[in-house]
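The first residue of the sequence shown is numbered 1, and numbering continues consecutively from there.
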Amino acid sequence: EVLAVTGTVVTPVVACRSRPLDLGRDVVYEPDEVAEVFSLSVAHLLDPTNREERIYENRGKLPVFHGGPAEIWGLTAYVLDGVLEKLVRPCVGGLEASEAPRGSGS
C-alpha cells in the first residue's frame with residue numbers, strides 16, 4: 001500500500017498480459033479522476049533519457065517520466081518507478097532498455 005499526500009491509501013496491482021493492451025476496450029477509468037489514458041513500452045520507461053527527478057516543495061525529489069502525450073508524475077510516477085526498480089529491472093538483469101525482451105512492453 002502507498003499513502004498519497006491526500007491521505008488516500010492506494011494499492012498498486014501488477015499483472016502480466018498475454019496480448020497487447022487495447023486502451024479503448026481493456027482500460028476502465030473514472031473520467032472525473034483521469035485526464036488521459038495512454039501506454040508506453042517497458043523499454044521506453046527503463047530508458048534513463050525518459051526519466052528525471054524533480055524537486056517538489058515539501059515532498060522532496062520524485063520521479064517524472066517523459067515521452068508520452070503527457071508527463072507521468074506524482075503518485076503514478078512514484079508507484080511506477082517502484083515497480084520498474086523492484087520488479088522489472090531484476091527480471092531483465094543488466095540489459096539496456098533497447099535490449100529488453102520483446103513482449104516486455106505495453
Side-chain angles (χ1 to χ4, degrees):
E1 295 185 331
V2 179
L3 181 63
V5 296
T6 60
T8 302
V9 176
V10 177
T11 303
V13 176
V14 179
C16 295
R17 294 188 53 87
S18 60
R19 60 185 166 79
L21 182 67
D22 179 332
L23 293 177
R25 182 188 66 213
D26 298 331
V27 178
V28 178
Y29 64 95
E30 178 57 50
D32 292 339
E33 297 178 7
V34 177
E36 186 170 12
V37 176
F38 60 92
S39 66
L40 296 170
S41 71
V42 171
H44 177 94
L45 294 167
L46 289 174
D47 184 339
T49 63
N50 296 321
R51 182 189 181 280
E52 74 168 288
E53 288 189 339
R54 191 177 291 164
I55 297 173
Y56 291 91
E57 189 175 321
N58 298 325
R59 295 183 188 151
K61 197 182 296 186
L62 295 171
V64 176
F65 293 90
H66 303 284
E71 287 185 340
I72 300 172
W73 61 280
L75 183 61
T76 302
Y78 178 76
V79 170
L80 177 59
D81 196 54
V83 168
L84 292 171
E85 291 303 316
K86 293 175 182 159
L87 297 176
V88 176
R89 281 195 196 280
C91 291
V92 297
L95 297 178
E96 292 296 318
S98 62
E99 299 174 309
R102 289 214 187 286
S104 64
S106 292

- Query: Would V88 and V42 count as a side chain to side chain contact (heavy atoms under 4.5 Å, CB included) if you check the C-alpha gap in whole Å, the side-chain angles of each, and the deciding distance to 0.1 Å?
  - Reply: CA-CA 8 Å; V88 176; V42 171; 3.6 Å; yes

- Pair R51-V64, side chain to side chain contact (heavy atoms under 4.5 Å, CB included): steps then yes or no: CA-CA 6 Å; R51 182 189 181 280; V64 176; over 6 Å; no

- Could you walk me through whether F65 and D81 pass the side chain to side chain contact (heavy atoms under 4.5 Å, CB included) test, one step at a time? CA-CA 9 Å; F65 293 90; D81 196 54; 3.7 Å; yes

- Task: Could you walk me through whether E52 and K61 pass salt bridge (Lys or Arg N to Asp or Glu O under 4.0 Å), step by step?
- Result: CA-CA 10 Å; E52 74 168 288; K61 197 182 296 186; over 6 Å; no

- R19 vs D26, salt bridge (Lys or Arg N to Asp or Glu O under 4.0 Å): CA-CA, chis, key distance, verdict: CA-CA 11 Å; R19 60 185 166 79; D26 298 331; 3.3 Å; yes

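Counting heavy atoms from C-beta outward, Y56 and W73 have side chains that approach closer than 4.5 Å. Contact check for L75 versus T6: no side-chain heavy atoms found under the 4.5 Å cut-off.
Among residues two or more places apart in sequence or in another chain, the side chain to side chain contact (heavy atoms under 4.5 Å, CB included) test is passed with E1 by V9, T11.
Taking all atoms of both residues into account, the shortest heavy-atom contact from P63 to A77 is O-CB, 3.3 Å. Closest non-hydrogen pair, V2 versus P12, comes out as CG2-CG, 4.1 Å.
Using a 4.5 Å cut-off between side-chain heavy atoms of Ile, Leu, Val, Met, Phe, Trp and Tyr, with links allowed through other members, F38 and L46 fall into the same hydrophobic cluster. Criterion: ILVMFWY side-chain heavy atoms under 4.5 Å apart, direct or through other members. Under it, L62 and L3 are not part of a common hydrophobic cluster. When the side chains of ILVMFWY residues are joined at heavy-atom separations under 4.5 Å, either directly or via intervening members, L21 and V34 end up in a single hydrophobic cluster.
Side chain of H44 to backbone of H66: a donor-acceptor contact under 3.5 angstrom is found.
Counting non-hydrogen atoms of neighbouring residues, nucleotides and ligands closer than 6.0 angstrom, the CD atom of E30 exceeds 12 such neighbours.
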